[in-house]
Amino acid sequence: MSTTTNSKKPIKELDAATVRFCGDSGDGMQLAGTQLTNTSALIGNDIATFPDFPAEIRAPRGTRAGVSGFQIHFASREIFTPGDSVDALVAMNPAALVTNLSDLVDGGILIVNKDSFTEKEFKLAAIDANPLEDGSISGFQVFEVEMTKLTRLAVAETGLSGRDADRCRNFFAMGLVFWLYNRPLDPTLRFIESKFSSKPDVAEANRSALHAGYNYGETTEAFHSHFRVDKATLQPGQYRNMMGNQALAWGLVTASVQSGCDLFYGTYPITPASDILHELSRHKSFGVRTFQAEDEIAAVTATIGAAFAGSMGVTASSGPGIALKGEAMGLAVMTELPMIVVNVQRGGPSTGLPTKTEQADLFQAIFGRNGECPMPVIAARSPADCFDVAIEAWRIATQFMIPVMVLTDGYIANGSEPWKLPNVADLPKINVKYANALQNGDEFQPYARDEYLARPWAVPGTPGLMHRIGGLEKQHITGNVSYDPLNHQKMTDIRAQKIANVAQTIPAQEVNGVEQGKVLLLSWGGTFGSCNTATNRLKEQGASVAHAHLRHLYPFPSNLGELLKQYDTVLIPELNNGQLRTLIRSEFLVDAQGLNKVQGKPFAVSEIVEAVEEILAN
Amino acid sequence: MSSDTSLPVLKSTDFASDQDVRWCPGCGDYSILAQMKKVLPQIGVPREDTVFVSGIGCSSRFPYYMNTYGIHSIHGRAPAVATGVKCARPELFVWVITGDGDALSIGGNHLMHAIRRNLDINIVLFNNQIYGLTKGQYSPTSPLGKITKSTPFGSVDNPVYPLSVAIGCEATFVARSIDVHIKHLGETLKRAAEHKGTAFVEVYQNCNVFNDGAFNYATDRNTKQDTVIEIEHGKPLIFGKDRNKGIRLNGMDPEIVELGKGISEDDLLFHDEKAPEPSLAYLLSRMRYPEFPEPIGVFRAVERPVYDERMDNQIADAIEKRGKGDLEALFTSGETWKVEAESA
């Protein structure tokens with residue numbers, strides 16, 4: 001890989017930097033962020049990203065509602081979050097500036113597109129005065145760049161003008177940021193080449209804008225120096241940048257291969273889960289069958305049908321869609337078929353905040369069905385972890401003949417991090433056994449059970465195993481319809497015991513930090529990065545703190561109750577009003593404390609550090 | 001698995017499960033069950049390759065009584081469950097058993113989409129114009145003004161006609177029969193089974209407890225020849241005890257005419273189940289008693305590619321063009337980078 005051109009300006013070493021691009025929804029900020037991400041990953045930084053965009057595809061131009069942002073944290077050390085605050089902010093218009101400025105560190109770098117700071121834009125952004133002149137940006141290193149004008153000049157030779165030329169502005173901004181952090185242009189040039197291969201003039205214009213932005217940094221007097229963030233010391237191996245939804249899809253494909261069991265994915269489009277469908281629909285050569293159903297209920301019931309027919313049935317949605325699937329999940333529990341239900345959580349209730357993150361569907365996952373209807377629940381902790389969690393869900397579902405709920409959230413679904421490619425030969429095998437045809441005379445018992453209490457998976461097409469299942473209560477062993485009171489008690493107990501048995505097959509809960517001490521941070525899902533980083537920071541300060549991050553939420557790991565007793569205080573940070581805390585208190589009678597927030601945003605590391613410090617101080 | 005070289009010849013009783021049938025004595029469902037068990041051996045698909053899927057309602061208990069694979073799912077969702085079964089395993093022979101409430105009320109959406117996708121499944125809708133299992137509320141096919149437990153002053157809902165709905169959803173096979181018209185019912189089920197694509201069959205079914213006699217006009221020995229018209233492909237629409245009445249088109253509308261008196265068979269409407277456009281089938285589906293005799297038989301039977309086969313073909317194509325999926329190739333696709341071990 002070629003490094004950057006020979007810069008004449010001094011370079012300062014940094015161990016990490018956080019950059020945010022923000023602008024109008026149509027300004028191409030997600031693309032700019034993605035390119036900086038991929039480039040940083042390719043030169044060996046550790047990375048974590050946080051795309052933040054409005055629910056509307058194109059909210060009114062220039063307004064605050066239409067602001068779209070993409071934050072990336074890149075570092076020469078291991079990092080787990082996209083950063084609490086921003087070291088460099090690129091704001092393409094006044095609305096983006098005023099809505100994002102509070103996240104910029106004091107003295108941070110602020111790059112604005114000066115051409116968009118006009119009276120008309122101020123009005124659209126609902127601001128009275130020019131923020132470039134009213135003192136609100138005085139505490140930052142401000143670079144007012146005439147990006148519109150410079151981009152138009154740069155692309156003039158390609159014949160593009162007006163709006164077409166202005167569409168290249170994000171490449172100018174990228175070029176400038178690439179210069180600022182000493183990033184190579186090659187990966188983005190390759191991207192332009194493949195993305196715009198059918199539009200050579202657009203490709204050429206984007207290339208020109210990218211170079212113009214880069215050269216602007218190098219040649220103008222405004223920028224005196226730039227930065228370098230060296231490679232991170234990651235574990236040796238082959239890496240790629242991985243987003244959560246993609247990792248989940250790949251995990252499912254992998255589990256399909258490793259279990260020799262076909263994947264049927266039935267779903268209905270919903271933010272922020274749709275990318276799983278987009279990804280899986282590309283992998284037909286793995287035999288993946290994707291079905292875009294007419295609604296959420298059809299998605300899950302078709303999945304049940306596929307599971308009955310011998311495929312692994314997977315469906316995914318977000319909270320509102322999961323609510324619609326509730327009755328069908330009960331059917332899957334009753335019929336004891338292997339399935340995975342994925343909830344990519346978003347802000348709720350109702351339609352809530354479709355593009356913002358939250359982890360308030362834990363109660364729904366564990367309790368959200370009629371009757372005594374237990375399902376194992378597991379949660380991914382980071383974008384790349386979605387891969388492992390998908391495989392684990394598949395393992396549990398097939399080993400126990402049960403639907404499994406997987407929780408992720410918008411933050412990890414759309415976020416990305418480097419993923420070390422697993423060695424295919426080392427991937428775990430998943431042992432799936434279908435019931436075999438019986439000898440003549442033997443009677444098939446669809447609700448007979450093995451040592452885990454799993455019933456046989458007898459699929460249509462197998463002679464002699466014809467049987468009927470359904471939502472009515474089943475007689476123990478025979479599976480015939482039964483209204484017998486004691487049988488219902490027995491079957492309810494069996495279904496509960498079966499889920500409890502899952503705990504025997506999961507690893508003991510581990511902690512990062514002291515084994516006994518003052519504070520235990522207990523977390524689950526997408527808050528892992530913030531909690532882990534906070535713990536490491538507190539440990540460096542010598543604090544008596546440990547962190548336990550739960551993957552298995554139902555059932556809990558067997559040692560969890562004992563573990564919780566080793567600490568004076570258990571603090572549970574959650575992006576909800578205390579759902580895990582309620583479960584922990586109820587299950588273990590531990591006076592766990594909560595740190596709770598529902599703002600559609602992840603925790604800042606500092607919020608967690610401060611909460612722990614406050615406990616330690618008292 | 002079996003070393004037998006010849007297929008065993010199955011009888012109707014081989015398709016009966018060991019479960020007691022629990023419909024009310026005298027229910028029309030018994031007759032439909034009997035015809036199904038009689039027809040399946042003639043079709044010759046092994047029991048283990050046959051799957052019955054149902055939703056909720058009296059009719060939806062049907063799978064429990066068949067010695068095949070079966071799933072009694074949740075209210076209205078049988079077409080979606082069947083879609084999953086069929087997509088996962090296109091070689092299976094899949095039947096959906098549903099009722100007027102199950103299919104047209106709570107499950108209307110799934111019915112519509114299964115039909116328009118043209119999955120290779122058979123949907124049999126038992127239409128008794130009432131909710132039976134919940135003990136007698138009006139259904140989407142109950143006539144306007146129907147007095148039931150939930151409509152003591154008469155229903156103010158307009159009914160839908162199942163076949164009109166199916167045709168509107170681009171159905172490739174649409175037929176109607178009557179529970180007690182057993183020979184016709186058996187033939188109709190057989191035609192449905194032989195159709196490639198979604199076969200939709202409405203069966204007039206008497207609920208002798210909550211809606212007894214709803215179809216008396218069509219089943220009464222004395223009137224049925226005047227109130228029902230058996231349609232057959234390529235034949236003129238003739239009915240009546242003396243087979244002296246027919247249906248003629250007057251512009252876009254059907255009208256009843258008497259044969260003789262200058263009107264011959266050639267003037268009548270001839271049925272064409274293979275008509276590419278569904279207009280004729282739709283017109284027939286709108287003919288209602290008492291203005292018209294109600295048609296029974298196959299309204300429409302056309303060929304169109306089926307969903308599950310197309311899905312299968314896409315997978316086969318992908319494997320042929322790119323080879324069977326390979327995890328190593330997947331993981332290393334696109335941009336990757338290598339982190340070297342730190343030199344000591």
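So that the names make sense, note that chain A is the first sequence line, chain B the second, and so on, each numbered from 1. We use all heavy atoms of the structure for the numbers below, so side chains are in, but hydrogens, waters and symmetry mates are not.
With a 4.5 angstrom heavy-atom cutoff, Ala425(A) does not touch chain B via any of its atoms. Within the 4.5 angstrom heavy-atom criterion, no atom of Thr50(B) approaches chain A. Residue contact with chain A, scored on non-hydrogen atoms closer than 4.5 Å, involves the side chain of Gln19(B) exclusively. If you measure heavy-atom distances from Gln235(A) to chain B, the contacts under 4.5 Å come from the backbone alone. For Arg116(B), no part lies near chain A; criterion is any non-hydrogen pair under 4.5 Å. Contact of Val300(A) with chain B is not made at all, since no heavy-atom distance falls under 4.5 Å. Heavy atoms of Met112(B) lying under 4.5 Å from chain A are absent altogether. For Leu331(A), the part lying near chain B is the side chain, with the backbone staying farther off; criterion is any non-hydrogen pair under 4.5 Å. Heavy atoms closer than 4.5 Å to chain B are found in both the backbone and the side chain of Tyr239(A). Both the backbone and the side chain of Leu234(A) have a heavy atom closer than 4.5 Å to some heavy atom of chain B. For a residue to count as touching a neighbouring chain, one of its non-hydrogen atoms must lie under 4.5 Å from one of that chain's; by this rule Leu427(A) touches chain B with the side chain only.
When the candidates Glu294(A), Met334(A), His283(A), Lys420(A) are compared by the number of heavy-atom contacts under 4.5 Å with chain B, Glu294(A) comes out ahead.
For Tyr65(B) and Trp23(B), the ring centers sit closer than 6.0 Å to each other.
The ring pair (Phe, Tyr, Trp, His ring centres under 6.0 Å) search around Phe444(A) returns His467(A), not counting sequence neighbours. Qualifying ring pair (Phe, Tyr, Trp, His ring centres under 6.0 Å) partners for Phe331(B), counting only residues two or more places apart in sequence or in other chains: Phe387(A), Trp419(A).
Interface residues of residues 312-323 of chain B toward chain A, defined by a heavy-atom distance below 4.5 Å and sorted by number: Asp312(B), Gln314(B), Ile315(B), Ala318(B), Ile319(B), Arg322(B), Gly323(B). When the heavy atoms of residues 89-105 of chain B are compared with those of chain A, the residues falling under 4.5 Å are Arg89(B), Pro90(B), Leu92(B), listed by number.
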